[in-house]
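Take a look at the structure below.
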Amino acid sequence: MSEVLLEMRNITKTFPGVKALDRVSLQVVPHEIHALVGENGAGKSTLMNVLSGVYPYGTYEGDILLEGQVCSFKDIRQSEEKGIVIIHQELALVPYLSIAENIFLGNETAKNGVINWHTTVQRTSELLKKVGLKENPNTLVKDIGVGKQQLVEIAKALSKNVKLLILDEPTAALNENDSQNLLDLLLELRKQGITSILISHKLNEVVRVANSITIIRDGMTIETLKVGIDDINEDRIIKGMVGRDMTHRFPERKPKIGEVIFEVKNWNAYHPLNEERQISKDININVRKGEIVGIAGLMGAGRTELAMGVFGKSYGKRISGTVMKNGQKIDTGTVSKAIKNGIAYLSEDRKASGLVLIKDIRFNVTLANLGDVSQKGVIDNYKESQAATEFRKKFSIKTPSIFQKTINLSGGNQQKVVLSKWIFAKPDILILDEPTRGIDVGAKYEIYGIINELAADGKGVIVISSEMPELLGMCDRIYVMDEGQICGELMREEASQEAIMKMILRSRGRDN
Amino acid sequence: MDQIRRFVKQNLKQNAMYVALIIIIVFFQINTKGVLLQPQNVNNLILQNSYVLVLAMGMMFVIISGYVDLSVGSIVAIIGAIGGWLMVTMKMPTVPAILILLVLGIAIGAFHGVFIAYMRIPPFIVTLAGMLLFRGLTMVILGGRTLTPYPKLYEGISNGFVGDLLKIEGINGTAIIFTALLIIGAAFRVFQRRIQQKKYELEPPRLIWDILKILLSALFIGFIGYSLAKYKGIPVVLVLIGVLFAVYNFIAAKTVLGRRVYAMGGNEKAARLSGINTKRMMFTVYTNMGFMAAIAGIVFSARLNAATPKAGNGFELDAIAACFIGGASASGGIGTVMGAIIGALVMGVINNGMSIMGIGIDWQQAIKGLVLLAAVAFDVLTKESND
């Protein structure tokens, strides 16, 4: 075997008007986990698409060498034949097929088109054992969690005799626990001789598992760090990614906390499809003016369900409980009532439920408060444009104009548009669900700044996040939630990742 | 060079349907040896397509909301049949009968709306059921017979003309006045838009383009107006279409209501979480479609001056095709009322032109299918190259 498994040499890829990659080079040696980091839009995905043949040979400049041989992939199939398998951020599983069917989809063990189910299931069991997933091969994919689905994807890759496994943000949708499992699996696979490229925004994970780290910025390779040779820490990586020193990942803030502005009392709700299952159990929380309150918890703890239940009964059945604002009971039974009463909910998935992607910035900014830009039901285009322009300037949304479709914006700018929409609705309480999910370090910092400003304006802010450092860095107070209940509350001073995990584990112990 | 190419590309995309319409008109004008644009035929074109124009305007909102309504052809039929029963069999006066028919259309639309919005049955299924149900009921009401004639006033909706104000020999003065007003209005709109664009700190297109635009629309409007003036003047039904266009175009482009329909079609979940009552919007859209189908039913039966069991057969498909040719997106959220009009005219000119050329109904159908496919394929391709 050669010294280098994969070498990408001076890859240049241009799109009309943009140079997405500019002489990027990447060297991956056998049996390593090679992390690829960079801000959104830095060119990581483009590079991987070049590698896997999504952008076929001839549409880019430069060479790809696999085990010393020049490769000229015309499509994904050809790169897969060579053992390069890519697992995308958005999983490519068919929910209504079983695990076994999914693993062998497109690669069925069949004779003359007739599938041999016996071998299929048998081989699936072996693969599942390899990835440490204890599920029946005949279970439908829709019935297992995202974490397990990720494992199925890896099993699928293994079934193809993978030499080089590429994982694009594999833990983006996973909770802490599942993420740890996945990373452990990567380490285990490395021992078995599988080389992988890991694309991730979560630098702590990168530092934990990677043997080498290549940093890409603006379509160029900045540097490759090697474990054992270079001194590796998160700050150094961030510096490379953003091109400047980020001594503070969270902007400075002096909290000015006032009276209680918002309370949820004795909140109970049940699952919309399974009415026996309680998704919110006797929840009592409050927020003060100018306070940023976090809700921590593992995936499936019931945080989003709680927020959506409070916000216009948008999720759940048999909902009971009271919502108070400034000590007065308010009606939040429909979304429009909730908005009228000064509540805003920024959803966790901006593409699926936050933006109307095919419409422009202006359309999206005013959507939740058309009343302010219209008279007797007729929209005043000028007022509307003014509002959108104001937010564009205030949040420095990077776009040629407010008439740009939001689908063409980067993740960070999209998030700024959704935030603008909710701030334009003039709320007193903002519930922000995963406000920085999938956006790059620079944009995160800006979003944190906006959140701090909201608090400084005397609004009550609730932040739901799966990234604990974010909660620890931003919040004055953190509620810990698990299995639909609040299992603890931590003030800023006492909060730490360990303390939060302890609370969750303790609450589980009490239940069992 | 690159700039010019980009400019042409962008403008072609925006104005593709106008260009297509002009190409088709020129094509048939040549191939029918000038018959297509003769005054009488221009008049015919409008009358022949009046009900499709009405249906397409209503259908545009349904398509923007993300779905289609298959029942409109059958609603056209049953409105004609009940109208026949009321006015021909029962001898009811025209005005109350029309009011009843309109209310009936609204009721049918609301009936669909309840199942779609509040019981969450897919619109395709609900309106498919409606299509069968109301076609069947039409046959029950008519019992296989044709009811005719309607009262004169009713028939006049589709076959009447607006009276002449000027009484000039050989030409209709009202039509000339209206045409002139329309042209001035169109020019005014273009300049108003320029002023607005400056206000929004946007760069307006070069003045020459806007002037060209005004000249082209003046030519278009002027020609139609002149043709109508040379024939019998402005058809009553054109006034009706004009009013409906003005109202629905305003709703789509300018009102909160229209905005909500676009938002719902663009992303229903995001719309709901922005405080839009998507159920009520859905209900409204289908109820309105029933209303528009009733108007189309009245226009169509008045034009035939008869209620027949086969009335409106396949109209839903013409209306849907018109919307897609006019630039609507099959996944919802995109489309304009003007697009529906242009799309319907494209279909209408093709029908009419081929009839004049003596092409059989069989080939007409096939060619219309290809045009629809080509229009949508063009749309998809230009969108892709834009990414």
Side-chain angles (χ1 to χ4, degrees), chain A residues 15-17 308 311-312 314-315 334-340 343-347 349-360 362-364 366-371 373-382 384-386 388-389 400-403 405-408 418 421-422 424-425 433, chain B residues 2-3 5-6 9-10 14 64-66 120 192-193 195-203 247 250-281 284 327-335 383-387:
Chain A
F15 293 108
M308 287 184 72
F311 188 66
S314 304
Y315 189 87
T334 68
V335 174
S336 65
K337 278 181 193 161
I339 294 174
K340 259 184 215 125
I343 302 172
Y345 169 69
L346 179 107
S347 69
D349 188 339
R350 63 177 165 273
K351 285 185 183 165
S353 49
L355 290 167
V356 183
L357 287 167
I358 54 171
K359 295 297 177 189
D360 59 20
R362 184 176 76 158
F363 184 104
N364 279 287
T366 56
L367 192 59
N369 187 13
L370 285 169
V373 292
S374 63
Q375 253 189 341
K376 291 185 182 141
V378 179
I379 295 172
D380 182 338
N381 285 341
Y382 185 57
E384 199 185 12
S385 300
Q386 269 185 323
T389 306
S401 89
I402 53 167
F403 300 104
K405 283 184 192 166
T406 47
I407 196 167
N408 296 329
V418 191
K421 170 171 93 173
W422 286 117
F424 186 63
D433 199 349
Chain B
D2 204 40
Q3 223 176 357
R5 235 184 49 208
R6 219 178 33 229
K9 215 168 127 188
Q10 211 167 18
Q14 265 174 17
I64 291 169
S65 82
R120 292 175 176 281
Q192 200 184 24
R193 203 189 180 88
I195 294 166
Q196 265 178 359
Q197 273 163 334
K198 280 194 186 130
K199 214 158 125 191
Y200 300 157
E201 293 164 25
L202 277 178
E203 206 178 312
V247 170
F250 181 76
I251 291 176
K254 287 278 189 183
T255 64
V256 172
L257 184 73
R259 185 59 67 84
R260 288 180 174 165
V261 180
Y262 280 106
M264 182 173 69
N267 185 343
E268 189 180 345
K269 226 168 151 185
R272 203 167 50 233
L273 285 175
S274 299
I276 294 170
N277 188 338
T278 50
K279 284 180 187 173
R280 196 197 296 157
M281 291 313 305
T284 310
S329 157
S331 44
I334 293 173
K383 255 180 215 147
E384 260 171 18
S385 69
N386 199 33
D387 297 338

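So that the names make sense, note that chain A is the first sequence line, chain B the second, and so on, each numbered from 1.
- Of the atoms belonging to Lys421(A), it is side-chain heavy atoms, and not backbone ones, that fall under 4.5 Å from chain B.
- Separation of atoms CG (Asp433(A)) and OG (Ser353(A)) is listed at 9.0 Å; rounding is to 0.5 Å.
- Residue Gln192(B) places its CD atom among more than 12 non-hydrogen atoms of other residues, nucleotides or ligands, all under 6.0 Å distant.
- Contacts between Asn381(A) and chain B at a heavy-atom distance below 4.5 Å involve backbone atoms as well as side-chain atoms.
- Of all the listed residues (Arg259(B), Lys254(B), Lys269(B)), the one sharing the greatest number of non-hydrogen pairs under 4.5 Å with chain A is Arg259(B).
- Pairing each heavy atom of Gly354(A) with each of Ser347(A), the nearest pair is N-OG, 3.8 Å.
- Within the 4.5 angstrom heavy-atom criterion, only side-chain atoms of Thr366(A), from C-beta onward, approach chain B.
- Chosen from Ile379(A), Leu370(A), Leu357(A), the residue pairing most often with chain B at heavy-atom distances under 4.5 Å is Ile379(A).
- To the nearest 0.5 Å, atoms CG (Leu355(A)) and NZ (Lys405(A)) are separated by 14.0 Å.
- With a threshold of 4.5 angstrom between heavy atoms, Gln386(A) does not approach chain B through any atom at all.
- Among residues two or more places apart in sequence or in another chain, the side-chain contact (heavy atoms from CB on, under 4.5 Å) test is passed with Leu346(A) by Gln415(A), Val418(A), Leu419(A), Trp422(A), Leu432(A), Pro435(A).
- In this structure, the side chain of Thr406(A) engages the main chain of Val356(A) through a donor-acceptor pair within 3.5 Å.
- In this structure, the portion of Ile276(B) lying under 4.5 Å from any heavy atom of chain A is its side chain and not its backbone.
- Residue contact with chain B, scored on non-hydrogen atoms closer than 4.5 Å, involves the backbone and the side chain of Phe363(A) alike.
- Only the side chain of Phe250(B) comes within less than 4.5 Å of a heavy atom of chain A; its backbone N, CA, C and O stay farther away.
- Closest approach of Asp360(A) and Asn364(A) over heavy atoms only: O-ND2, 3.0 Å.
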